[in-house]
Structure formats: structure tokens, C-alpha cells
Amino acid sequence: MRFLLKRLGFYAVAFLVAATFNFMIPRMLPGNPADIMLANSGGMIAPEAREALMATFGFIDAPLHEQYFSYLGSIFTWDFGLSIKFYPMPVTDVLMQALPWTLLLTGAALLISFSVGTLLGILAAWRRGQLTDAIASPTALALQSVPSVVVALCGLYFLSVRNRVFPTSYAFDPKLDPAFSWEFFSSVAYHGFLPVVTLSVVLVGGYLITMRNNMIGQLGEDYLAMAEAKGLSDARVRYAYAARNALLPSVTALALSFGALFGGSLITEVVFNYPGVGNLLYLGIVGRDFPLIQGQLLIMTLAMLLANLAVDLAYVFLDPRLKRA
């Protein structure tokens, strides 16, 4: 409990620092949401409405510290203001519509890539120098060095544009209404298959190399020789002893990948026109939607911190030394 409380305090401070940077960056940039809306309105909005728009989007005429505390209050009440691009929708509503699709996309990609990469890394280390290692390791290095945009564009061109095996956009068939039905779920799986595979291909190489290196570091330990001397099966020694101890750094990499993938899915979502928060961030940047960008960055920060907290909880169960400490 003491270990977890320390970690919670650390993450609270980290979130506050990230929120502070999130507050300062838009205010350091030239222009503001009110001026952008006035410029884009084509004269439909009277210049006299500028002050009202400034207050609407949180740029109040007050000292910076008062604006900052007002901003912190809006965070803890989950009120990010109104979106400029999707006006008059609140930023929270816009994000909540896109967040489930990104969680589905990144969650499936992480589960597949981590499972496949970890398993292949275990086998490559256990059979190092053999055919499995000779094929898996160079392939993983090659996949790790390929940019995600290249994989996404190749998949889109060969499997969507040229051969029309998979759709080129959307999270499900636009003709369908969301419903708890096999037709809707199958459409979601069909439209999400290629984006998930794209993200998985990009990630699987890193997990394979990490797990292989961790396993090789464990194979010369005395406790494995003792386990083999006791007559334990080859599979039990490999998975219950060596792999369990080698898994800890891979779990840390999983948490870091989740936070990075949460923001890095932007490329995949834009390429496949997938309606997640990555695509939403791109639209917000293009439209200079500062409230939407701020809300999106806070969501990404929170996702990263929660992922690392989950890893800390997993460490307590995976590493007995933390329990004894």
C-alpha cells in the first residue's frame, strides 16, 4: 500500500504539470479562438461579440493566475468548454463520441501485438540460433524500423483501393444504425480490421525483440538449472520460470506503448478516416480548435498515467520482492 500511495502521489503531480503546460501553450500562440471565429465567419458575427466569444472559450479578461485556477476547476469538473470546429457542441461530448473507437482500435492492436510479440520472443530466445530465431529476429527488426504511415498507406492501397478487400474509411457501414446486433458488430470488425493490423504490425517487432533479450538474460540463471534438475517439464521451465521473470520490462513497455499509441494512432486514423480521437486531434489542429486540442491532450496524458498505474499494480503481483518490501 505504501508503494502504491507513493506512485499515486507521483502521478498526481505529473498530471498537474501536464495540465499546466496544456494551459500555457495555447496562450503563448498567436491569435485566439475568438479571432479565428470572427475571421472565418465572413462578417456573420459582429466584432462586438468578440468579448463574449473570449469568455465562452475560457480566455477571460483576468490575471493569468486567475485564469489558471479557473482552468483547473474546469478540469476537475470535466468541463473543457465548447469546440470551435464543432460549435456549439461541448468538447467533452465531441471527445466522448470518438474515445470508444480509439480505445477499441488501440486496445485490440496492443492485445494482438503484445501477445504475438511476447510469445515469439520467448520461442526465439529459447531456440536461439535455430530456425525460429533466424526468421523471427530479423523480421522483427525490419518491422520495427518501418514507419507506421508507410504500413498504413501500403495496406490502404493494396487491400482497399486496388483490390477493395476492406473499406477505405469509417468505423462501420454508414447505412447501419448503431445497435446491439450481429450485423453492426460484424461491420465494426470489418472496418476496423485493417487499422488494427496496421498498428499491430508496427508494434509487434518491438515486443518480440524486448522479450527475446529479456529471456536470454534469464537463461543462464541458477534457478532455471535447479528447475530442470528437479525434473520439471520444458514448457513449465520456459513459461512459469524464465518467461515470468523476463516479462517485467515488457509490461513496462506495454504501458509506454499504450500512451504513445493513444496519440500515435493519429496517422492510422487519418489514413483510414477512422473516427477516433487521433483523427479528431488532426481536425482540431487544422481548425485551430484550442479547446478541443487541450481536452484531447489531457485525455492522452490521463491515458498514459493510468496505463503506468496499471503496470505498477501488475508489478505487485508479478514481482514478489515488492510484496516483501
Rounded to the nearest 0.5 Å, what's the gap from OG1 on T301 to CG on L16? Could you check? 12.0 Å

Taking only distance into account, with no hydrogens and no angle test, what donor-acceptor pairs under 3.5 Å do side-chain atoms of residues 150-166 form with protein atoms, sequence neighbours excluded?
unit_1, atom_1, unit_2, atom_2, d
S160, OG, F166, O, 3.2
S160, OG, P167, O, 3.3
N163, ND2, F158, O, 2.5

Results of ring pair (Phe, Tyr, Trp, His ring centres under 6.0 Å) for F10 - residues two or more places apart only: none

Partners meeting side-chain hydrogen bond (donor to acceptor under 3.5 Å, both in side chains) with Y190 (sequence neighbours left out): none

Minimum-distance pair of heavy atoms, taken over all atoms of V91 and G295: CG1-CA, 4.4 Å

Keeping to residues at least two apart or across chains, list the ring pair (Phe, Tyr, Trp, His ring centres under 6.0 Å) pairs with something in residues 120-156. none

side-chain contact (heavy atoms from CB on, under 4.5 Å) with M226: which residues, sequence neighbours excluded? K230

Transitively linked via ILVMFWY side-chain contacts under 4.5 Å: I216 with Y207? no

Any heavy-atom pair between the side chains of L103 and V277 that's under 4.5 Å? no

Distance, nearest 0.5 Å, that separates CG of N273 from OG1 of T268: 13.0 Å

Would you confirm whether the ring centroid of F180 sits within less than 6.0 angstrom of the ring centroid of F185? yes

State, with a plain yes or no, whether a side-chain heavy atom of L104 is found less than 4.5 Å away from one of V188. yes

To the nearest 0.5 Å, atom CG of L95 lies from atom CG of L292 at 5.5 Å

From D173 atom CG to S186 atom OG, the distance as rounded to the nearest 0.5 Å: 9.5 Å

Compile the donor-acceptor pairs under 3.5 Å between side chains in residues 110-125 and protein atoms, sequence neighbours left out, one pair per line.
unit_1, atom_1, unit_2, atom_2, d
S113, OG, A109, O, 2.7
S113, OG, L110, O, 3.3
S115, OG, L111, O, 2.7
T118, OG1, F114, O, 2.7

Taking N214 for its side chain and T210 for its backbone only, find out whether a donor-acceptor pair lies under 3.5 Å. yes

Residues at least two apart in sequence or cross-chain that pass side-chain contact (heavy atoms from CB on, under 4.5 Å) with L297, listed by chain then number, are N22, I293, M300

Would you say the side-chain atoms of T102 and Y274 include a donor-acceptor pair closer than 3.5 Å? no

Clusters formed by hydrophobic residues whose side-chain heavy atoms approach within less than 4.5 Å: which one holds L131, and what are its other members? I135

What residues form a side-chain hydrogen bond (donor to acceptor under 3.5 Å, both in side chains) with S137, not counting sequence neighbours? D133, R212

Within-4.5 Å side-chain heavy-atom neighbours: N279 and W101: no

The criterion is side-chain contact (heavy atoms from CB on, under 4.5 Å); which residues satisfy it with S181, sequence neighbours excluded? A179, E183, F184

Around atom OH of Y282, are there more than 12 heavy atoms of other residues, nucleotides or ligands at under 6.0 Å? no

Could you check if a side-chain atom of L105 sits within less than 4.5 angstrom of a side-chain atom of E269, using non-hydrogen atoms only? yes

For T92, side-chain contact (heavy atoms from CB on, under 4.5 Å) partners two or more places apart: W78, F80, M96

F69 meets the ring pair (Phe, Tyr, Trp, His ring centres under 6.0 Å) criterion, sequence neighbours left out, with none

